[in-house]
Amino acid sequence: MKQKILTLTTLLFFSFLSFGQGIQITGIVKGASDGIPLPGVNIIIKGTTNGVQTDFDGNYTITAATGDVIVFSYLGMASKEITVGSDTAINVQLEADTEQLDDVVVTALGIQKSRKSLTYAAQDINAAELSKVKQTNPVNSLSGKISGVVVNRSSSGVGGSVKVTLRGNSSLGNNQPLYVVDGIPLSNPTGGQPNDTFGDLNGGNKDGGDVLSLINPDDIESLTVLKGASASALYGSAGLNGVILITTKKGRAGSFKVNFSSNILVESAAYYIDLNDKAENDIEDFFNTGVTSITSLSASGGSENAQTYFSYSNTFASGILPTNDLKQHTINIRETAKFFDGIVTANASVLASTQTIDNRPVSGLYFNPLVGAYNFDSPGERLSSYERFEEFDDTRNIQSQRWFRPTFDIEQNPYWILNRNASEDINRKLLASLNLKFKINDWLSLQTRGTYDQTLLNYDKEIFATTEATLAPSTGRYIFNEQDIRQIYGDIIASISKQFNTISLSANVGTSTTRSSTEILNADSGTAGGLQFANVFSIQNFNANPQVSLSQTSLDKKVNSVFASATIGFNEKLFVDLTARNDWSSSLPSNNNSYFYPSVGVTGILSEVFDLGDRISFAKVRASYAEVGNDVPANTVFPERQILFGGGISPLNPVRPLGEVRPEQQQSYEIGTEWRFFDGRFGFDIGYYHTSTVDQYFQVPVSTGTGAVTVGVNSGDIINQGFEGSIFITPIQTENFKWTSNINFATNDNEVEEISNPSDDVQIDNQVISAPGVNTFASYLVEGGSYGDIYAQVVKRDANGRPIVDNGALIINDENPDNTIAGLEKIGNANPDFTLGWNNTLTYKNISLDFLIDGKFGGETVSLTEAVVEGLSNNSRRETENAPIEVVDPSGTVSTLTAQEYYGLAGGRNGFTGEYVYSATNVRLAELAIGYNFKLSESSFFKNIKASAIGNNLFFFYKDAPHDPNVSLSTGNALQGVDVLGLPSTRSWGLNINLTF
Amino acid sequence: MKNINNIFLSGLALFSMLFSSCSDDLEGIDENPRNITQEQLEVDFQNVGSLYKPMFENIYQYTPPWSYQLQQNLNADVFSGYMTNPRPFVAGANNTTYNLVSGWNNFIWSVPYSNVMNNARTIENETKDEFPELFAVSQILKVTAMHRVSDVFGPIVYTKFGASATTSEYDSQEEAYTAFFNDLEEAIQILSDNIDSPRFTAFDLAYGGNYESWIRYANSLRLRLAIRISKVDAAKAKTEGEKSLSHPIGVMESNADSFFINGTLDHPIKTINNSWGDIRMNASMESILIGYDDPRANSYFSETVPGDNTTVPVVPGSLKGVRNGLPLLPGYADELAQKADYITFAVLNDNVLTSSVQLMTAAEVFFLKAEAALRGWSGSGDIQGNYEQGITLSFQQRGSSGAAAYIADNTSTPQDYVDPINSANNIAALSTITIAWDNAASNEEKLERIITQKWIAMFPEGQEAWSEYRRTGYPKIFPVVSNQSGGIVDTNLQIRRIPFVDSELQTNPDGVAGAVTKLGGADNAGTRLWWDVPGGNF
């Protein structure tokens, strides 16, 4: 058996080289309805591996022998077979395939369903759309192209992670969707996300990255977004926030194809606070022009029985922050083979990726070069003169930091930080999977799959001696962190597909097990522990004292599941969808670790049931209800006490649940309808959703007088509801010119219905999303409020709106106590109310123009960056240019303060952040691509050459905030709606060349 | 086809196997084996032993330094007149200008509750019956930590700590003090009965397991608390104080008896002072120490941080203090510009910032005895002898010479303060009290003399100094430059307490409401505590 596979694989590679003998057939392939030539039609001699594709004008040439059968196939069209006779010119017209028009959607667990039978909202985009304006993280391409997908890029530059929110936030834990690659859940550890506006003393507010950037965008065949829990009930808890299905490319029978694409992007810092001329010159000098090049090569092909896909890609990028760069290599191999006359299908794939990022940018105040860069205000000096960031100190015989004033906790020479507080991230991913499918008979098949998914995250930071004393002792500091995250997944699914007269049944029964484990090693010589010998960065050089930190963490979780689903179709007009699942999770107490959840959905194809006339080509309605249960992260309910390196045990008792721990639950329903008119030239899909997330496992603070600081309780009810829809239209379609347009929109209304259940022993008013720490920005979940509410310190004003100044200080507003928590007042919400994307493709002959306008409406954002700059320096432009501000003292006497004086009082990280609130509403030209498809002669070596010029995030039609509100400091839950010296968002231009041969 | 059937069958078998074991194989997975379980902790009795270190190191928190900065440095250490911040944090709107920063003040409460009370309760449960002497030491540490918390807020959660899993009820300060006296009495009794037990030696960061020293400390602490309530409940104070004074083992006699916590980490102020430049000498300290030409001045302060060859002291050759309660002064663009000037004032000397944290000295005890004698408590000895012995021990502790001449100095007085950078901050000395004992002086003057010297000797422990300032009004320290309390705090009477913390208001509103009733006044910084009685001291 093993020998056979080897032979087959070998054969398969050589099979590309075999050619048939015979005559040359040429022709043109067009669409039957409109007569437009079809590019990229697959043409294969039946029973062989010989195949070609049509060029852009629908032309093809193939060698065949008389009597051979040529198969023409094209997505969305019915395949056509023609037997070669005496004619050497064969022109073909392909008919639209009604079956295929209601195309196939890959749904939960890799199960394929016809789109028309879906009882919930699903929307996808294909490879062509993804690669138009290529992003290093392919998920960035979703913004505006799929309704209801809110994408927030991380402010950590190239290789940064992405926050995706579908249908609003509901959880204090994870709100990100599940990513599924070819039917198997992907482990997507974030490597940690910042949660403090001040910054992390242990290396700065860093983005731990995600694994999505480790996937080669060119390997993706399509991305499908299943927005709600209905779609994902079969994935279990992980699919609670929706699912993004990534289908990768496979080899195709008959056509050996090589694709080469190269993409170069040049970016510049574009959206940051308004600085005075000198500071602006300095900052422009400081930021570099970033360059990203993505190159990928793929080869695919095979016979009917075995197909191969291989790809390699690399990304080299240098960021706008000096010294920040990224190198990434990804390979992907996929083999598909059929054995025993097609009874067994085997599918094996390996994805391996490695990524090295130097000096991933941080946000917040610690270790952030932007603090010094924005606030540099040494009279008569240029920031660039501090590129010489060190000077010799003969008292210590060492190179020491050079800066125009004494450094302090949050401010150092930015070039020193970049060169002498440098960090390196090395991330590696290995994803290997095997899928065996047995076709038992024509209605029953059995499938088993397994994946091994490993992510290794390494972080290393070398902090040299003479770094600011808050951050490192006099001999320097070394931080080393290593995380090894593994997930092993296995399942067995029996699939039944049978037709009983007019009733169709498609059902699956299966079981799966997921084991995930995380091993973390963290070594940090600390802010006080120190190194024995200056500037030697190794663990053996740590001082042996309790202020160094050395720790290991080992977390393990196993979830076993059984599940079943059935879709029953009545006359292809009405479909009923039922699912049920039971999970057993090791992270819940053993007496309560099992939870069951069902879903039910129904859809009716109105256009099949009723005669709606010629203009309406398709119409359906759908409705579904789903429940999803959820466990908690590993080691949450009964953690043990921690041991501190050299410091005994942690003084705090571990957090314990107050009572019984229950699994969390989400209930959701959605309804929707989908219509297509005029043979699909116009259509829309609109739906309403409602989800309620209850019984989350909250860690709740209690009075310290109880002996505990926090206890665990199941509580809360968070509701998300809204509409989402898309409209697609082809306003113009002639032989040479075509304009297709796609509008996506969604609303989200989030309400915290309950924080404490009235019956709970502990009643709380709020849950912290972003703790204020010692700054004046916070986010709380409050009953009656919304997820993402922003709290800031607001200036008290008199009846005429003039700020009150007492004794040289502004006063905190105390007139809104109901919306005030710990001195901070609710001033907005980080999330948009309405999102709109307008995506257009215009083609004229060989030229194409694509543009995407992306809009977010509603929501607020705070510029702590501006506050910090106005508190630390006078570099903000408005401090010198704005008119004086009228203020009053408590007795009502009016006086004026210069803008510099006023913002000096209001600014600072812990100042009056209420003065730095902006609307987050923004509309931007997100993507622009102008492409040219070269007309190639038939004898050309290349099958297809396409070149395009692309632009990304080019400008804002409207924006209020000084920063780009689409960028987040964290792709976790905290730090939304605030910018604290995050790396500015960029504008980029580039070139893309795609060769197929 | 046979192959296929076999595969199918084995698939089914695997399926049923998985199904049957869905929950059986989940046991033990949820543990983090790198942490320690209760069972593992019980080996070598570490379930009790390991709890003392966090208690010792969190009464006055060792680490992280910023946490200590909020627990005490930016409140009591400043309010006491010892030190102040050269940087006007929050544009001058902070604790030191009576614009209280609730986010900071949470630490005053949470640190001792999480790290001391909690562990004391576990120790009580595990040892009270079997190893009472271990329990007794824990009780002394508990009173050490919690009287400080009560001295900040007034009512605290003490006798009903841990009574409910969800809420907590406060004791009035009077109830808490009664409980402190009872707990100390019980501890002293238990230790006296088990005086030779070596059980605590391995865990002791203060006295190497010597219970006699612990009894001396407990008696001294009881004397401190008794003196504290001498104005509000003179009879109870006398009773409790005399118990200590008449105890066979008695109170501290020599510097070796002083209560220091010998942690393994640096003194937290060292980082705040040396590395961050966030704390400097207070103008009141300068006025008194320099006015007295006190030889201890140079062991308490120096002109620059050791190893700093670049900072030029503001007035080379002298130790300059900073006025407390500075707003963001006119003429400074921002906090840092102001800090850049005031950071060049006198720094704390590393001598007082060793890894030993001073919580009570023998010198303080002699000053307590001097006051006890002044109040006529039996067993307290001679007033003047105690006073002079207090000074002598303090000199000895600091390695300073010239104690005899200092004690005899009857002319030096606190000096006027001059701010060399902003003369608007200049202020005349508030007192003309001299050093040398004067038997003919009034009781009030005698007390001022005792407390002023006690204040110097207790440096740098600002918590006790601030409490005694509030009780007695001595020494006469300078008021804040900017009072941003909106009339709640009287500038001359100075700040009397800190309001109940936000974390309690949020998690325990009913408990706090009860506490406010027991406080007997508004929950603000101007309300006097129970032992803080207005008017003269006699």
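Protein chains get the first letters and strands the later ones, always in sequence-line order, with residue 1 at the start of each. All values below come from the heavy atoms of this structure, side chains included, with hydrogens, waters and symmetry mates left out.
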Please state whether the side chain, the backbone, both or neither of [X] comes within less than 4.5 Å of a heavy atom of chain B.
{"X": "L872(A)", "answer": "both"}
{"X": "S587(A)", "answer": "both"}
{"X": "Q793(A)", "answer": "neither"}
{"X": "K558(A)", "answer": "both"}
{"X": "T776(A)", "answer": "neither"}
{"X": "S873(A)", "answer": "backbone"}
{"X": "R396(A)", "answer": "neither"}
{"X": "N874(A)", "answer": "side chain"}

Contacting region of [X] [heavy-atom separation from chain A under 4.5 Å]:
{"X": "I29(B)", "result": "both"}
{"X": "S503(B)", "result": "neither"}
{"X": "L51(B)", "result": "side chain"}
{"X": "N119(B)", "result": "side chain"}
{"X": "L505(B)", "result": "neither"}
{"X": "D278(B)", "result": "neither"}
{"X": "L41(B)", "result": "side chain"}

**Study point:** Member of V101(B), L100(B), N99(B) meeting the side chain to side chain contact (heavy atoms under 4.5 Å, CB included) criterion with N94(B)
**Key:**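 Only match with N94(B) under side chain to side chain contact (heavy atoms under 4.5 Å, CB included): V101(B).
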Practice item. Please say which of V632(A), N592(A), D631(A) ends up in a side chain to side chain contact (heavy atoms under 4.5 Å, CB included) with V637(A). Key: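 Going through the options one by one, the only one that passes is V632(A).
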Practice item. Look only at the side chain of R656(A) and the backbone of P639(A), and say whether a donor-acceptor pair between them is shorter than 3.5 Å. Key: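 Present.
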Relative to chain A, which of [options] shows the most heavy atom pairs under 4.5 Å?
{"options": "T37(B), I156(B), N106(B), L265(B)", "result": "L265(B)"}
{"options": "P509(B), A165(B), S110(B)", "result": "A165(B)"}
{"options": "G103(B), S482(B), S114(B)", "result": "S114(B)"}
{"options": "G49(B), S164(B), G92(B)", "result": "S164(B)"}
{"options": "T166(B), N508(B), V157(B)", "result": "T166(B)"}

Non-hydrogen side-chain atoms of [X] and [Y] separated by less than 4.5 Å:
{"X": "Y113(B)", "Y": "V709(A)", "result": "no"}
{"X": "R121(B)", "Y": "F161(B)", "result": "yes"}
{"X": "S703(A)", "Y": "E504(B)", "result": "yes"}
{"X": "N582(A)", "Y": "S561(A)", "result": "no"}
{"X": "T63(B)", "Y": "E57(B)", "result": "no"}
{"X": "T470(A)", "Y": "F408(A)", "result": "no"}
{"X": "W104(B)", "Y": "V90(B)", "result": "yes"}
{"X": "F500(B)", "Y": "Y170(B)", "result": "yes"}

Point to revise | Nearest heavy atoms of P86(B) and G277(B), plus distance in Å | key: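 In terms of heavy atoms, the two residues are closest at CG-O, 3.2 Å.
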Practice item. For residues S50(B) and I649(A), report the shortest heavy-atom separation together with the two atoms involved. Key: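 Distance-wise, the nearest heavy atoms are OG-CD1, 3.3 Å.
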Check your understanding: Do the rings of F203(B) and Y52(B) sit parallel, tilted or perpendicular, given the 30° and 60° boundaries?
Key ->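 Parallel: the ring planes of F203(B) and Y52(B) meet at under 30°.
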Based on non-hydrogen pairs under 4.5 Å, which of [options] is most in contact with chain B?
{"options": "E468(A), E519(A), E901(A)", "result": "E519(A)"}
{"options": "G773(A), P473(A), G908(A), P546(A)", "result": "P546(A)"}
{"options": "A528(A), G648(A), P701(A)", "result": "P701(A)"}
{"options": "T706(A), I821(A), L810(A)", "result": "T706(A)"}
{"options": "Q900(A), E640(A), E870(A)", "result": "E640(A)"}
{"options": "V700(A), V702(A), L644(A), N545(A)", "result": "V702(A)"}

**Study point:** Ring centres under 6.0 angstrom apart (F107(B), W66(B))
**Key:**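 When the ring centroids of F107(B) and W66(B) are compared, they turn out to be within the sub-6.0 Å range.
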